[in-house]
> 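I'd like to ask you about the structure that follows.
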There are 2 protein chains.
Amino acid sequence: MQQLALTPSFLGVKIDMGEKNLYTRCMNNKKTIGDLMHAHGLKKTPIRTGMLELFMAHDFALSASDIVAKMTAGHDKVTIYRALNSFEEHGILHRASEDGHGIKYAMCSSHCPDEPHTDKHAHFVCDVCHQTYCLEDVEVPEVEVSNEFSVSRANYTLCGICKKCKN
Amino acid sequence: MQQLALTPSFLGVKIDMGEKNLYTRCMNNKKTIGDLMHAHGLKKTPIRTGMLELFMAHDFALSASDIVAKMTAGHDKVTIYRALNSFEEHGILHRASEDGHGIKYAMCSSHCPDEPHTDKHAHFVCDVCHQTYCLEDVEVPEVEVSNEFSVSRANYTLCGICKKCKN
DNA sequence: CAATAAATGCAACATAGTTGCGTTTGTTTA
DNA sequence: TAAACAAACGCAACTATGTTGCATTTATTG
């Protein structure tokens with residue numbers, strides 16, 4: 001995957017970049033945020049641009065309240081929820097996990113479909129800080145299920161304590 | 001596993017037994033509800049007895065609001081939540097799934113530990129009715145995870161549409 | 001630059017779950 | 001069998017997550 005021509009503008013957004021630059025991660029191939037939104041008939045607004053930058057800057061999934069907390073400009077949570085739903089409907093974000101602490105979303109990669117879907121890899125949710133990590137190496141195993149059920153998605157989540165919270 | 005010497009008293013509890021009697025399912029070996037609660041230093045009250053009977057009478061996991069809905073006597077939800085937490089702490093119930101519609105609990109079997117834990121098998125959650133089914137035949141596969149994470153539980157949940165909702 | 005559809009913000013609401021506190025009840029033990 | 005004690009209960013109030021309706025603003029397109 002190619003390095004993106006993105007200069008983070010951080011429009012009203014606090015970003016803790018952590019250890020590494022993750023701008024190439026999980027992003028639809030060769031597309032800028034503007035291209036991506038345009039391709040789906042979405043408007044490129046400061047809030048939504050900032051949200052997608054946030055997702056690209058983190059190697060773990062984010063919930064609506066994570067995003068509200070990271071936006072400096074004090075936007076309404078309704079706006080954030082509607083943006084998340086819209087991104088999910090257009091296959092820009094997908095649900096990484098749903099625990100008792102809300103739905104966590106992550107950026108879709110180029111091999112994700114343009115419809116709502118879940119990850120093919122497992123996730124780890126920390127019991128202490130509730131942060132969701134993508135375990136990209138750990139594939140969700142396929143299983144045989146009785147034909148009483150029409151299976152459309154699978155979710156494989158590990159729980160425990162993350163490195164940060166062990167210290 | 002042996003048939004339990006249980007005459008359901010249904011103390012203030014509506015039970016839809018479904019197709020089969022499930023009183024032998026998931027229950028600690030040879031123990032009555034009274035024995036079970038006593039063994040854990042819990043008091044045998046009508047509400048808690050009724051709750052455990054409900055769990056034994058269903059082949060799918062139940063949430064706090066499922067239980068509130070099935071109790072005729074109009075008990076306070078706080079009581080139900082506290083009972084569920086207590087049962088989980090004592091290893092009488094465990095969390096079967098946590099989706100956006102609340103934590104679902106299921107009865108522990110004799111090979112469950114006396115501490116909070118999750119199932120060894122996968123679950124199916126219906127997108128339409130939100131009912132959680134235990135897929136007892138589908139084992140949660142073990143995976144290798146980076147030692148950055150201390151894994152204590154694993155959750156494998158399939159989503160889609162159940163037989164009832166397909167019709 | 002006007003038209004239009006998408007996006008935003010506010011108020012209000014719904015559901016899941018928790019905390020504090022005073023009262024009731026089940027069980028133990030004397 | 002009655003007192004004592006801890007567990008369980010019920011009420012009020014509260015937090016967190018997420019949704020709906022509606023009026024207003026804003027980005028894009030022609």
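Just so it is clear: chains get the letters A, B, ... in the order the sequence lines come, proteins before strands, and each one is counted from 1. Keep in mind that this is a model prediction, so the values were computed, not measured.
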> Contact boundaries of DNA chain C with chain A (under 4.0 Å, heavy atoms), 5' to 3'?
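Nucleotide range with atoms under 4.0 Å of chain A: C:dA5 to C:dA11.
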
> Between A:Lys77 and A:Arg82, which residue's closest nucleotide on DNA chain D lies nearer the 5′ terminus?
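Its nucleotide being nearer the 5' end, the pick is A:Lys77.
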
> Starting at the 5' end of DNA chain C and moving along, which residue's nearest nucleotide shows up first, B:Ser65 or A:Asp76?
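Counting from the 5' end, the first nearest nucleotide belongs to A:Asp76.
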
> If the plane angle is over 60° it's perpendicular, under 30° parallel, otherwise tilted; pick one for B:Phe124 and B:Tyr133.
tilted

> Under 3.5 Å, is there a donor-acceptor pair linking the side chains of A:Thr157 and A:Ser97?
no

> Starting from A:Ile161, can I reach B:Val151 by hopping between I/L/V/M/F/W/Y residues whose side chains sit under 4.5 Å apart?
no

> For a quick check of understanding: with a heavy-atom distance under 4.0 Å over all strands, which category does B:Asn85 fall into, base, sugar-phosphate or nothing?
sugar-phosphate

> Between atom CE of A:Met107 and atom CG of A:Leu93, what is the distance when rounded to the nearest 0.5 Å?
6.0 Å

> Tell me whether B:Ile47 shares a hydrophobic cluster with B:Leu36, the cluster being built from Ile, Leu, Val, Met, Phe, Trp, Tyr side chains joined at under 4.5 Å.
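Yes, one cluster joins them.
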
> Determine, step by step, whether A:His75 and A:Met51 satisfy the side-chain contact (heavy atoms from CB on, under 4.5 Å) criterion, reporting the C-alpha distance in whole Å, the side-chain angles of both residues, the deciding distance to 0.1 Å, and the verdict.
CA-CA 11 Å; A:His75 302 294; A:Met51 284 175 66; over 6 Å; no

> Tell me whether B:Ile103 is reachable from B:Tyr81 by hopping between hydrophobic residues (I, L, V, M, F, W, Y) whose side-chain heavy atoms are closer than 4.5 Å.
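No.
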
> Would you say the side chain of B:Asn85 lies within less than 4.5 Å of the side chain of B:Tyr105, judging by non-hydrogen atoms?
yes

> With a strict under 4.0 Å distance from non-hydrogen atoms of chain A, what nucleotide opens and what nucleotide closes the contacted stretch of DNA chain D, reading 5' to 3'?
D:dT17 to D:dT29

> Could you tell me whether B:Ser63 contacts a base, only the sugar-phosphate backbone, or nothing, with contacts defined as non-hydrogen atoms closer than 4.0 Å?
nothing

> Tell me which of B:Ile103 and B:Leu42 sits closer to the 5' end of DNA chain C, going by the nucleotide each one is nearest to.
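Nearer the 5' end of the strand: B:Ile103.
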
